[in-house]
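Have a look at the structure below before the remarks.
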Amino acid sequence: MLDSHEKQFHISLSGGAVGEYCILPGDPGRCEKIAQMLEKPSHIVQNREYNVWNGTLCGSLVTVCSTGIGGPSTAIAVEELVACGARTLIRVGTCGGIALPVKSGDVVIASGAVRQDGTSHEYAPPEFPAVSTPEVVFALMQAAKGLKYSYHTGVVQSKDSFYGQHSPSRMPTSTALLEKWEAWKRLGVLASEMEASTLFTVGAALGVQTGAVFHCVWNQERADEYGDFSEKHDTEKAIRVAVEAIRRMIQNKD
């Protein structure tokens with residue numbers, strides 16, 4: 001990791017250019033939408049998958065930075081944002097439901113993540129749990145409750161292969177993939193996504209606060225069980241939960 005005064009390799013920023021609080025979508029195209037929910041939004045830089053905007057909440061600088069898809073690019077973003085001064089990082093993204101109560105359009109708040117990724121294992125042995133910071137989880141829950149959104153809090157699965165989840169039977173490792181999926185179902189895992197386990201583990205290694213909130217696009221288990229094929233792609237609820245949670249944390253800090 002570069003010194004904070006040096007420009008970071010990938011996000012092209014140096015110390016003081018980002019806020020203590022950061023919102024991390026995966027998709028660079030979502031950054032402007034998120035930034036518009038802040039005060040005085042301004043575009044800072046875009047390099048590769050990293051699109052960075054700044055704004056303010058309650059007088060505090062808040063940064064929005066996309067991470068791209070998956071663990072490797074997420075770890076890079078977290079490392080470099082923390083080097084520049086970030087101390088609380090919240091992932092905002094989409095997920096696919098696993099637990100039957102999780103419906104399309106619901107908000108999912110991750111208290112922890114199954115480490116079915118590769119990147120986090122470069123930071124911690126497999127026995128180490130990927131968990132979000134309790135204060136961040138509480139703020140996200142209070143935000144969702146205050147906004148009167150339907151939400152669920154619990155463990156999510158973070159995997160490296162999108163198609164390994166959606167087309168497991170055609171993979172050479174199909175038996176292992178299907179067995180693990182059945183285990184996640186029995187353990188009450190809420191949903192599947194691709195970055196939370198990396199964020200939580202890297203955050204623990206760097207000593208910063210982390211959290212994650214998701215919009216559930218669909219739930220393939222509900223489709224199989226109930227014939228519920230509903231599919232919703234508007235991420236606004238999850239974004240608003242993250243923004244409101246940061247607002248609450250800033251106000252409580254004061």
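- The closest donor-acceptor contact from the side chain of Ser132 to the backbone of Ala110 lies under 3.5 Å.
- Two residues are said to be in side-chain contact when any heavy atoms from C-beta on lie closer than 4.5 Å; Val136 and Ile90 meet this criterion.
- Atom-to-atom distance recorded for Trp218:CH2 and Cys95:SG is 9.5 Å, nearest 0.5 angstrom.
- Between the side chain of Tyr50 and the backbone N or O of Ser73 there is at least one donor-acceptor pair closer than 3.5 Å.
- The backbone N or O of Phe138 sits nowhere less than 3.5 Å from a side-chain atom of Glu135 that would complete a donor-acceptor pair.
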Walk me through whether Asn51 and His43 qualify under side chain to side chain donor-acceptor pair (under 3.5 Å).
CA-CA 8 Å; Asn51 187 14; His43 186 239; 2.7 Å; yes

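- The two atoms that bring Ala245 and Leu140 nearest to each other are CB-CD2, 3.6 Å, heavy atoms only.
- Between Val114 and Val155, the closest side-chain pair of non-hydrogen atoms falls below 4.5 Å.
- A salt bridge links Glu195 to Arg91: at least one charged side-chain nitrogen sits closer than 4.0 Å to a carboxylate oxygen.
- Note: Ile76 CD1 to Phe9 CZ = 11.0 Å, rounded to the nearest 0.5 Å.
- Between atom OG of residue Ser197 and atom CD of residue Gln157 there is a gap of 9.0 Å, rounded to the nearest 0.5 Å.
- A continuous path of ILVMFWY side-chain contacts below 4.5 Å connects Leu13 to Val82, so both sit in one hydrophobic cluster.
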Set out, in order, the CA-CA distance, both residues' side-chain angles and the distance that settles side-chain contact (heavy atoms from CB on, under 4.5 Å) for Lys103 and Arg222, then state yes or no.
CA-CA 8 Å; Lys103 300 178 182 178; Arg222 287 183 61 85; 3.7 Å; yes

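- Put simply, the side chain of Thr74 gets close to the backbone of Gly70: a donor and an acceptor are under 3.5 Å apart.
- By the neighbour-count criterion of 12 heavy atoms within 6.0 Å, atom CD of Glu122 is sparsely surrounded, having that number or fewer from other residues, nucleotides or ligands.
- Within a 6.0 Å radius of CD1 in Ile44, other residues, nucleotides and ligands contribute more than 12 heavy atoms.
- Between Leu38 and Trp53, the closest side-chain pair of non-hydrogen atoms is not below 4.5 Å.
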For Thr133 and Gln209, run side chain to side chain donor-acceptor pair (under 3.5 Å): C-alpha distance rounded to whole Å, both residues' side-chain angles, the deciding distance at 0.1 Å, then the answer.
CA-CA 6 Å; Thr133 306; Gln209 296 192 126; 5.1 Å; no

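- Judged purely by atom type and a 3.5 angstrom limit, Thr56 has no side-chain atom pairing as donor or acceptor with the backbone of Leu61.
- Of all heavy-atom pairs between Ala130 and Phe200, the closest is O-CD1, 3.7 Å.
- Minimum interatomic distance between Ser12 and Val45 (heavy atoms only, all atoms of both residues): CB-CG2, 4.1 Å.
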Please assess Lys145 against Glu244 for the test salt bridge (charged side-chain N to carboxylate O under 4.0 Å, His left out), listing each intermediate value before the final yes or no.
CA-CA 11 Å; Lys145 188 179 296 184; Glu244 178 60 22; over 6 Å; no

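- Here Glu80 contributes atom CD and Cys65 contributes atom SG; the two are 9.0 Å apart, rounded to the nearest 0.5 Å.
- To the nearest 0.5 Å, atom CD of residue Glu20 and atom OG of residue Ser60 are 7.5 Å apart.
- Between Gln46 and Val52, the closest side-chain pair of non-hydrogen atoms is not below 4.5 Å.
- Side-chain atoms of Asp160 come within 3.5 Å of backbone atoms of Gly118 as a donor-acceptor pair (strictly under, hydrogens ignored).
- Closest non-hydrogen pair, Val18 versus Gly85, comes out as CG2-N, 4.2 Å.
- Atom-to-atom distance recorded for Leu178:CG and Thr173:OG1 is 9.0 Å, nearest 0.5 angstrom.
- Within the 4.5 Å cutoff, no side-chain heavy atoms of Gln165 are placed close to those of Glu193.
- Taking a 6.0 Å sphere around NZ of Lys180, one finds it holds 12 or fewer heavy atoms contributed by other residues, nucleotides or ligands.
- Between Val131 and Thr210, the shortest heavy-atom contact is O-OG1, 4.2 Å.
- Salt bridge Lys232/Asp106: absent, no basic N to carboxylate O contact under 4.0 Å.
- When side chains are defined from C-beta on, Thr67 does not count as touching Pro25, because their heavy atoms never get closer than 4.5 Å.
- No salt bridge links Glu236 with Arg30; every basic N to acidic carboxylate O contact stays at or beyond 4.0 Å.
- Looking at heavy atoms from C-beta onward, Val107 lies out of side-chain contact with His215 at the 4.5 angstrom threshold.
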Walk me through whether Asp234 and Lys33 qualify under salt bridge (charged side-chain N to carboxylate O under 4.0 Å, His left out).
CA-CA 11 Å; Asp234 186 356; Lys33 177 180 179 179; 3.2 Å; yes

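- Between Ile109 and His152 there is no side-chain heavy-atom pair separated by less than 4.5 Å.
- The cluster map of Ile, Leu, Val, Met, Phe, Trp and Tyr, joined by side-chain heavy atoms under 4.5 Å apart, puts Tyr149 and Leu190 in different clusters.
- When atom types are taken as modelled, the side chain of His121 and the backbone of Arg115 share a donor-acceptor pair closer than 3.5 angstrom.
- Checking side-chain atoms of Asn47 against main-chain N and O of His10 turns up a donor-acceptor pair under 3.5 Å.
- Put simply, the side chain of Asn219 gets close to the backbone of Ala99: a donor and an acceptor are under 3.5 Å apart.
- Remark: side-chain polar atoms of Ser158 are not paired, donor with acceptor, to backbone N or O of Asp117 under 3.5 angstrom.
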